Visitor: 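Before I ask anything, here is the structure I am working with.
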Amino acid sequence: MAEPYYDFGTWIRSRFQFRVQKLSVDAGFSCPNRDGRISTGGCTFCDNRTFNPAYCNSSKSVTEQLEDGKAFFARKYPDMKYLAYFQAYTNTYAGIDRLKSLYGEALSVDGIVGIVIGTRPDCIDDSLLDYLSDLSRETFVMVEYGIESANDETLRRINRGHTFECSRQAIEKTHERGILTGGHIILGLPGEDAGESLRQAPIISALPLDVLKIHQMQVIKGTRLAEEYARNPFHVYSVEEYLDLITKYIRLLRRDLVLERFVSQSPPELLIAPKWGLKNYEFTNLLRNRLLASADSGEV
Ligand code: SF4
C-alpha cells in the first residue's frame with residue numbers, strides 16, 4: 001500500500017537496485033557543545049548512550065564496526081548492501097584529512113554503498129562541503145543536520161549553541177553543492193506547544209532538505225533536561241496528543257520531502273518520560289491510519 005507521505009523506504013529503493021540498510025558507526029568524534037569549544041554542558045536533552053546499537057563501539061575501528069554490523073544483518077538478508085551512518089556526536093568535528101580518512105575507510109569496506117554523516121550546522125565549512133560534493137558524484141553521500149527547532153529562544157533554552165539561521169545557511173550551502181541533505185527536528189521541546197510546532201512546519205518545509213526526521217521530546221535519565229523536568233515538570237505529549245500534532249504537522253510539509261522517522265524510543269531503563277510502550281513501527285502504523293483517515297474525511 002502506498003504511504004500517505006513520501007516515505008524513506010520508497011525513496012531509498014528508487015535510488016538503489018538492491019536492499020539497503022544503514023549501519024551506525026561511532027568513529028570516536030567529540031562534540032563542540034560538550035568539549036568546551038561552544039559549551040561543556042551539551043544540549044539539555046542529549047544523552048549519547050541512546051544513540052548507538054550494540055554492534056557500534058568507538059573502541060573498534062570503523063571497518064570492524066561495519067563488519068560487525070554487516071554480520072548482524074547478513075544472516076537474514078545475504079544480498080543486503082549498506083550505508084555507513086556516522087551517527088554518534090558530531091561527525092564532521094575534526095580536520096579534513098582525518099574526516100577524509102574515516103569516510104574513505106567506511107567506503108572501502110565491501111558492501112558499503114554510501115555514507116550518511118550526522119552533524120551540527122555550525123560544524124561544516126566550504127572545503128569539507130566541496131570535498132563531499134565531489135564524493136557525492138561517485139557515491140551516495142548525505143549530510144544530516146540537527147536543526148531541532150526553528151525558534152531561537154528554544155534553541156537557547158536547550159543550550160543548542162547555534163541559531164536557526166545557522167541551520168538554514170548550512171542546509172542551503174549543502175544543497176547548493178548537490179549533496180543530499182537531511183534534517184532532524186524535535187516536537188515538544190520545552191517552551192514549544194503544538195501551535196508553535198505548527199507555526200514552524202512551513203519554515204522547515206521551505207528549507208531545501210531532501211529528508212526529514214521528526215521525533216517527540218523524550219526526557220532521558222542523567223541529562224540536564226531530566227533535572228529541569230524534576231524541578232519543574234513541563235508537559236510531555238501522550239501518544240494521542242503527539243499523533244494529533246504530527247498528523248497536522250505532516251500535512252503542512254511539502255509532498256516531496258522524504259520523511260524518514262516520526263518517533264524515537266530510547267531504552268526503557270533510560271527513559272523518564274513519556275513512557276508510551278510502543279515500538280517505532282507500531283507508532284508509524286497508527287500514524288499511517290490517522291493520515292489516511294484524515295485524507296478520506298477531506299480534513300485540511
Ligand atoms: S545532541 Fe548532538 S550537538 Fe547536542 S550535545 Fe549531543 S552530540 Fe552535541
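For ligands, and for the atoms within them, numbers begin at 1 and follow the listed sequence. Keep in mind the model is a prediction, meaning the values are calculated, not measured.
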Visitor: Salt bridge or not for K221 and E227, using N-O below 4.0 Å?
Guide: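 Salt bridge flag = no for E227 with K221.
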Visitor: Hey, looking at atom 2 (Fe) of ligand 1, which of H184, R160, R34 has the closest heavy atom?
Guide: R160
Visitor: For residues T174 and Y145, is any side-chain donor paired with an opposing acceptor at under 3.5 Å?
Guide: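 Short answer, yes.
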Visitor: Let me check your reading of the structure: within less than 2.8 Å of atom 4 (Fe) of ligand 1, is there an N/O/S atom from C46?
Guide: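 False for C46.
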Visitor: Just which atoms of ligand 1 are under 4.0 Å from any heavy atom in R120?
Guide: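 Those atoms are 3 (S).
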Visitor: Number the atoms of ligand 1 from 1 as they appear, then name those within less than 4.0 Å of a heavy atom of G42, with their elements.
Guide: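 Heavy-atom distances to G42 below 4.0 Å select 5 (S).
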Visitor: May I ask you to say whether D79 pairs ionically with R19, meaning some side-chain N is under 4.0 Å from a carboxylate O?
Guide: no
Visitor: Considering only heavy atoms, does C43 approach ligand 1 within less than 4.0 Å through its side chain, its backbone, both, or neither?
Guide: both
Visitor: Please lay out, stage by stage, how L198 and Y249 fare under the test side-chain contact (heavy atoms from CB on, under 4.5 Å).
Guide: CA-CA 6 Å; L198 296 176; Y249 190 96; 4.1 Å; yes
Visitor: State the atoms of ligand 1, each with its element, that fall below the 4.0 Å cut-off from a heavy-atom position in C31.
Guide: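 Every atom of ligand 1 under 4.0 Å from some heavy atom of C31: 3 (S), 5 (S), 7 (S), 8 (Fe).
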Visitor: Do E192 and R199 sit within salt-bridge range, that is, some charged N less than 4.0 Å from a carboxylate O?
Guide: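 Salt bridge flag = no for R199 with E192.
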